[in-house]
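Worksheet for the structure shown next.
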Amino acid sequence: MLSLFGIVVNGAIVLFDFIGMLIKEKTGQTKLINKPFCGLKREEFIDCVVEGSVLRVRPIALTTLTTAGGLMPLAMGGGPLFEPMAVVLIFGLLYSTVLTLVVMSIIYTILVEKFNMKIHRAQNTE
């Protein structure tokens, strides 16, 4: 379960960071500003979230499918300890991929819109 949580959280962080990068690019700012929707209109903000989710479908799906494919031999003949673990990881990854791309994007938009959550993006240390 811990490895599943780690993979899911990593996918969500990558998605949100990419959405933040799109917002920053659209505003033309070098740093995200702490205004509602980072100074964008609501529709522009939602477009950034949707575009970010759509653009990240392939990388997140490929990561999930390669991990699931790598676990298939373990699920088919890994013994009484590893077979159930591999099955849980495979189906958990497939389910969490959909949740990450769809549900987390919706929750992200709701948190920003209704609760005025501030959007922060990791700063480069270059």
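The only option from K24, K26, E25, M21 that meets the side chain to side chain contact (heavy atoms under 4.5 Å, CB included) definition with C48 turns out to be K26.
Tracing side-chain contacts under 4.5 Å through hydrophobic residues (I, L, V, M, F, W, Y), one never reaches L62 starting from L71; they form parts of separate clusters. Cluster membership for L65 and L74, using ILVMFWY side-chain heavy atoms within less than 4.5 angstrom, is shared. If you chain together hydrophobic residues whose side chains sit under 4.5 Å apart, V8 and V57 never meet in one group. I7 and M85 fall within a single hydrophobic cluster, where Ile, Leu, Val, Met, Phe, Trp and Tyr are joined by side-chain heavy atoms under 4.5 Å apart, directly or via other members. Under the 4.5 Å side-chain heavy-atom criterion for ILVMFWY residues, no single connected hydrophobic cluster contains both I13 and I60.
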Donor-acceptor contacts, no H, no angles, side chain residues 89-102, under 3.5 Å, sequence neighbours left out:
{"from": "S96", "atom 1": "OG", "to": "G92", "atom 2": "O", "distance (Å)": "3.0"}
{"from": "S96", "atom 1": "OG", "to": "L93", "atom 2": "O", "distance (Å)": "3.1"}
{"from": "T97", "atom 1": "OG1", "to": "T64", "atom 2": "OG1", "distance (Å)": "2.7"}
{"from": "T97", "atom 1": "OG1", "to": "L93", "atom 2": "O", "distance (Å)": "2.7"}
{"from": "T100", "atom 1": "OG1", "to": "S96", "atom 2": "O", "distance (Å)": "2.7"}

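Atom-to-atom distance recorded for M104:CE and L15:CG is 8.5 Å, nearest 0.5 angstrom. Here E51 contributes atom CD and I23 contributes atom CD1; the two are 10.5 Å apart, rounded to the nearest 0.5 Å. Interatomic distance, CD1 of I106 versus CG of L111, reported as 12.0 Å (0.5 Å rounding).
The two residues S105 and S53 have their closest heavy-atom pair at OG-OG, 2.6 Å. The two residues P73 and G70 come nearest to each other via the heavy atoms CD-O, 3.5 Å.
With sequence neighbours excluded, the residues satisfying salt bridge (charged side-chain N to carboxylate O under 4.0 Å, His left out) with E113 are R42.
In this structure the side chain of I19 reaches within 4.5 angstrom of the side chain of F16, judged on heavy atoms.
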